[in-house]
Amino acid sequence: MNLNNEKDGVVFAILSYVMWGLTPIYWKLTQYISSGEILAQRVLWSFISMLVLLILLKKWNIYVEFVKEIIKKPKLFWSLFLASVLISSNWGIFMWAVIEGKIVEASLGQYINPLTSMLIGVIVLKEKISGSQVLAFILAGMGMLTLTLHYGVIPWISLSLALTFGFYGLAKKLIKADSTIGLALETMMITPIAIVFLTYLMFQSQIEFFNSVSTSLLLIGSGAVTVLPLLLFTMSAKKVTLSLLGILQYISPTIVLVSGVLLYNETLSQAHLIAFIFIWSALVIYIFSSITKRGKKSKVHIKSKMEA
């Protein structure tokens, strides 16, 4: 499908983020299955779905070339393996949080994703940030500190989700592939481990996959739940500016938060509310700063072209 204009891109972006936001509802349907099996099945069926998608999008040859390149370059191989472990861990933590009734904490982790990525960029890649972005990070830190002091424990679910995704983005910088090729490669790397684990469960008579048709369909469907939002996002990214995508991405954690509170009766405590206020304030500053920064870069680029 060809996108004709930015309006189409926005529609696809919104659809992708809505689908990501609704995933807790899907994982709640599988809560009678162990988190380990759900994750392994998701990896396996995502890989199978990606192979089908690559054929439909006529990207199979590109995928094969990347596989050949990975074999020849150890650095690329280990970067891809690291990315695979990180994204799988992110999936596993999120699904476990949903099943264990900690959707609010999971949404908090998704909200602080971009701020965590910014911090990793500063520390690891020595990227420069503005004063307002520093303020945004401090506000987010105060939000997390509020939860820590209130409950007496570090909000590890939120931080783990943010850190695994942040370092996943860092690893992806070394893998120059589009989203579809990238996810196919990442699931390819971790699929052998998933198969070994599922085989172990089968020999231990602990696997749920064969117990009923509904269970089998739910686990097979986990591949589509993973791949379809990514496909829509990939289609939208071609026509929508990064600034707009940056704003739209908060649709997903907002839906996750609302579903946790309204659908599954999770408690939004006073400490959670204060933490969210800090983090939402941080995000407003972060988004405004990012848009302003990109606007200045665009003006400089246009000016340099005119002078040339």
Side-chain angles (χ1 to χ4, degrees), residues 17 20-28 30-31 34-36 38-39 42 82-83 85-124 129 133-171 246 249-287:
Y17 288 125
W20 273 318
L22 292 174
T23 53
I25 298 174
Y26 192 89
W27 303 129
K28 276 290 188 183
T30 66
Q31 61 186 347
S34 69
S35 298
I38 298 171
L39 178 58
R42 182 181 183 182
L82 178 60
V85 170
L86 287 168
I87 194 61
S88 299
S89 299
N90 186 275
W91 290 351
I93 294 167
F94 183 81
M95 290 186 297
W96 180 87
V98 169
I99 291 169
E100 293 297 317
K102 299 181 184 297
I103 298 176
V104 170
E105 290 185 48
S107 71
L108 181 61
Q110 291 182 323
Y111 273 118
I112 63 175
N113 270 344
L115 299 172
T116 307
S117 298
M118 178 185 72
L119 181 63
I120 291 172
V122 172
I123 295 174
V124 179
I129 58 174
Q133 288 175 325
V134 171
L135 175 60
F137 181 76
I138 291 173
L139 286 172
M142 290 174 68
M144 300 306 291
L145 182 62
T146 299
L147 289 179
T148 302
L149 293 175
H150 180 80
Y151 291 103
V153 293
I154 296 172
W156 69 268
I157 293 174
S158 304
L159 290 175
S160 297
L161 285 171
L163 288 171
T164 51
F165 196 81
F167 281 108
Y168 167 70
L170 180 63
Q249 71 175 308
Y250 297 108
I251 292 173
S252 176
T254 301
I255 294 175
V256 172
L257 174 62
V258 171
S259 65
V261 175
L262 298 185
L263 294 182
Y264 302 109
N265 300 314
E266 289 194 17
T267 302
L268 186 63
S269 66
Q270 185 178 12
H272 278 115
L273 189 57
I274 293 171
F276 275 116
I277 290 172
F278 273 120
I279 289 165
W280 287 330
S281 300
L283 290 174
V284 169
I285 294 171
Y286 173 79
I287 292 170

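Hydrogens, waters and symmetry mates play no part in the numbers below; they use all other heavy atoms, side chains included.
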**Q** Return the minimal non-hydrogen interatomic distance between Ala162 and Gly109, and the atom names on each side.
**A** CB-O, 3.8 Å
**Q** Under the side chain to side chain contact (heavy atoms under 4.5 Å, CB included) criterion, do Ser89 and Tyr168 qualify, and how do the steps go?
**A** CA-CA 10 Å; Ser89 299; Tyr168 167 70; over 6 Å; no
**Q** Would a 4.5 Å heavy-atom cut-off, applied to side chains only, mark Glu105 and Trp156 as touching?
**A** no
**Q** Are Tyr111 and Thr254 linked by a side-chain donor-acceptor pair shorter than 3.5 Å?
**A** yes
**Q** For the side chain of Asn90 and the backbone of Leu161, is there at least one donor-acceptor N/O pair under 3.5 Å apart?
**A** yes
**Q** When you measure from the side chain of Thr146 to the backbone of Ala271, do you find a donor-acceptor pair of N or O atoms at a distance under 3.5 Å?
**A** no
**Q** Counting distance only, does the side-chain N/O of Glu266 pair as donor-acceptor with the main-chain N or O of Val104 below 3.5 Å?
**A** yes
**Q** Would you say that Val256 contacts Val98 through its side chain, given a criterion of any heavy-atom pair below 4.5 Å between the two side chains?
**A** no
**Q** Answer yes or no: is there a side-chain heavy-atom contact under 4.5 Å between Leu159 and Ile112?
**A** yes
**Q** Has Thr30 got a side-chain atom pairing as donor or acceptor with Trp27's backbone, closer than 3.5 angstrom?
**A** yes
**Q** Could you report the tightest heavy-atom contact between Ile93 and Ser160, atom names first, then the distance?
**A** CD1-CB, 3.7 Å
**Q** I'd like to know if the side chain of Thr23 and the backbone of Trp20 have a donor-acceptor N/O pair within less than 3.5 Å.
**A** yes
**Q** Does atom CG of Leu273 have more than 12 heavy-atom neighbours, drawn from other residues, nucleotides or ligands, at distances under 6.0 Å?
**A** yes
**Q** Are more than 12 heavy atoms from other residues, nucleotides or ligands located less than 6.0 Å from atom CZ of Phe165?
**A** no
**Q** Are any non-hydrogen side-chain atoms of Ile103 and Lys28 less than 4.5 angstrom apart?
**A** yes
**Q** Find out whether Gln31 and Ile38 are in side-chain contact, i.e. whether some heavy atom of one side chain is under 4.5 Å from a heavy atom of the other.
**A** no
**Q** Quick check: closest heavy atoms across Ile120 and Phe167, and the distance to 0.1 Å?
**A** CD1-N, 3.6 Å
**Q** Does any non-hydrogen side-chain atom of Gln110 lie less than 4.5 Å from one of Gln249?
**A** no
**Q** Please report the shortest heavy-atom distance between Ile25 and Tyr264, naming the atom on each side.
**A** CA-OH, 3.4 Å
**Q** State, yes or no, whether a side-chain contact exists between Leu108 and Leu147 at a heavy-atom distance under 4.5 Å.
**A** yes
